Enquirer: 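Structure incoming, see below.
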Amino acid sequence: MQQIFNFIFKNSHRLLFLLLLAVSLTLTIQSHSYHRSKVISSANFLSGGVYEKINSVSEYLNLKNQNNELAIENARLKGLLFNLKDTTSIPKMDSIKGVSKINIIVSKVIHNSYNVFENYLTINSGSAAGVQPDMGVVNSAGIIGIVDKTSKNYATVISILNVKSQINAKIKKSNHFGSLVWNGKSTGFVQLIDVPRLASVRKGDTIVTGGQSVIFPENIGIGTIDKIYTDDKTNYYTLNVKLFNDMTNLGHVYIIKSKDREEILNLQKKENE
């Protein structure tokens, strides 16, 4: 202990300089958006590389589970093909409204948080692959989240298990809309709020994306209604939705880029002006 005190006293001027330097850099970054964006981009690059190394080891140890998932997915796809009336025709990607309007970027989750209120994922695709903020992220089971920030080779994604997440969704059978949020309690459930009392809802009904934004196309799967809550003071339901996805176990994902995105955003911008 005495040696530690001796070291501090001997290097007090250097330590004070480093402390003041750290404080000044922190204040500069917090008060200037340009500096802050550069630091976030650099942090994404550095943390992305670390996460990818860790993920490579974890992925190797988890090969058996991944092979099982691939086998299940292949069986499902073959089932769809075998049930086509004309097996020579090219199947359409109905779940994402066809490839004519949508570009798909294939990526992989290399870091996933799900045990705090504001959860994020890191994927190993960035601006070099065409990934931009506010793009939707899905997998074969349903929605995952929305791209938040990007570096050249990596991107962070706001998980649907984030209390700040809000996504347009609807009841598939009736087209009644609501806002998909998360109450921060369970990793297996999200909530569809502001659903009008006029809507016909039952336990087990499917919830899908509403398509009223440029982020997610219509009718991408989310989950099924587990519980129905009625607010006597309003004319709305709150629906507890059991997710199709296991958000604690994610692998390959698809990033959705709508070809009409820029045109729609520019038109909406002119309308607001």
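None of these values were measured; they are calculated from a predicted model.
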Enquirer: With rounding to the nearest 0.5 Å, note down the distance linking CG in N139 to CD1 in I220.
Expert: 10.5 Å

Enquirer: Please check this pair: side chain of N245 against backbone of A141, looking for a donor-acceptor N/O pair closer than 3.5 Å.
Expert: no

Enquirer: Above 12 or not: heavy atoms from other molecules or residues under 6.0 Å from NZ of K173?
Expert: yes

Enquirer: Side chains of I143 and L180: closer than 4.5 Å at any heavy-atom pair?
Expert: yes

Enquirer: Kindly work out whether a path of hydrophobic side-chain contacts (I/L/V/M/F/W/Y, heavy atoms less than 4.5 Å apart) joins I207 to V201.
Expert: yes

Enquirer: Walk me through whether L243 and I222 qualify under side chain to side chain contact (heavy atoms under 4.5 Å, CB included).
Expert: CA-CA 6 Å; L243 292 169; I222 297 173; 4.0 Å; yes

Enquirer: What distance separates S213 OG from E218 CD, expressed to the nearest 0.5 Å?
Expert: 11.0 Å

Enquirer: Let me confirm one number: the NZ-NZ distance from K203 to K242, rounded to the nearest 0.5 Å.
Expert: 9.0 Å

Enquirer: What heavy-atom pair brings V195 and G178 nearest, and what distance separates the two atoms?
Expert: CG2-CA, 4.4 Å

Enquirer: Quick check: does any side chain N or O of T156 sit under 3.5 Å from a backbone N or O of K149, one acting as donor and the other as acceptor?
Expert: yes

Enquirer: Does any N or O in the side chain of T206 come within less than 3.5 Å of the main-chain N or O of T224, such that one atom is a donor and the other an acceptor?
Expert: no

Enquirer: Could you tell me whether the side chain of T230 and the main chain of Y237 form a donor-acceptor pair under 3.5 Å?
Expert: no

Enquirer: Under a 3.5 Å distance rule, please check whether T122 uses its side chain to pair with a backbone N or O of I110 as donor and acceptor.
Expert: no

Enquirer: How is the hydrophobic cluster of V181 composed, in terms of its other members, when Ile, Leu, Val, Met, Phe, Trp and Tyr link through side-chain heavy atoms under 4.5 Å apart, directly or indirectly?
Expert: I193

Enquirer: Going by atom types only, do E118 and N162 share a side-chain donor-acceptor pair under 3.5 Å?
Expert: no

Enquirer: So, for Q191 and N240, which heavy atoms are closest and what is the spacing to 0.1 Å?
Expert: NE2-OD1, 2.7 Å

Enquirer: Is a donor on one side and an acceptor on the other found under 3.5 Å between the side chain of N119 and the backbone of N112?
Expert: no

Enquirer: Same cluster or not: F189 versus I228, using hydrophobic residues (I, L, V, M, F, W, Y) connected whenever any side-chain heavy atoms lie under 4.5 Å apart?
Expert: no

Enquirer: Grouping I, L, V, M, F, W and Y whenever their side-chain heavy atoms are under 4.5 Å apart, do V116 and I146 come out in a common cluster?
Expert: no

Enquirer: Side-chain heavy atoms under 4.5 angstrom apart, residues restricted to Ile, Leu, Val, Met, Phe, Trp, Tyr: same cluster for M247 and V190?
Expert: yes

Enquirer: To the nearest 0.5 Å, what is the distance between CE (M135) and CD1 (I256)?
Expert: 10.5 Å

Enquirer: Okay, side chain of T150, backbone of A155: is any donor-acceptor separation there less than 3.5 Å?
Expert: no

Enquirer: How about OH on Y236, more than 12 heavy atoms from neighbouring residues, nucleotides or ligands closer than 6.0 Å, or not?
Expert: no

Enquirer: Tell me the closest heavy-atom pair linking I171 and L239, and the distance in Å.
Expert: CD1-CD1, 4.1 Å

Enquirer: Looking only at heavy atoms, what is the nearest atom pair of N168 and F177, with distance?
Expert: ND2-CD2, 3.7 Å

Enquirer: Answer yes or no: is there a donor N or O on one side and an acceptor on the other, between the side chain of W182 and the main chain of K164, under 3.5 Å?
Expert: no

Enquirer: Can you find a side-chain donor-acceptor pair between N175 and K170 that sits under 3.5 Å?
Expert: yes

Enquirer: Looking only at heavy atoms, which two atoms of D148 and P133 are closest? And how far apart?
Expert: O-CB, 3.4 Å

Enquirer: Residues two or more places apart in sequence or in another chain: which of them pass side chain to side chain contact (heavy atoms under 4.5 Å, CB included) with T187?
Expert: Y114, L161, T248

Enquirer: Can you tell me how far apart CG (L121) and CG (L250) are? Round to the nearest 0.5 Å.
Expert: 6.0 Å

Enquirer: I215, Y254: one ILVMFWY side-chain cluster at the under-4.5 Å cut-off?
Expert: yes

Enquirer: Write down the atom of I255, the atom of S107, and the distance for their closest heavy-atom approach.
Expert: CD1-CB, 3.8 Å

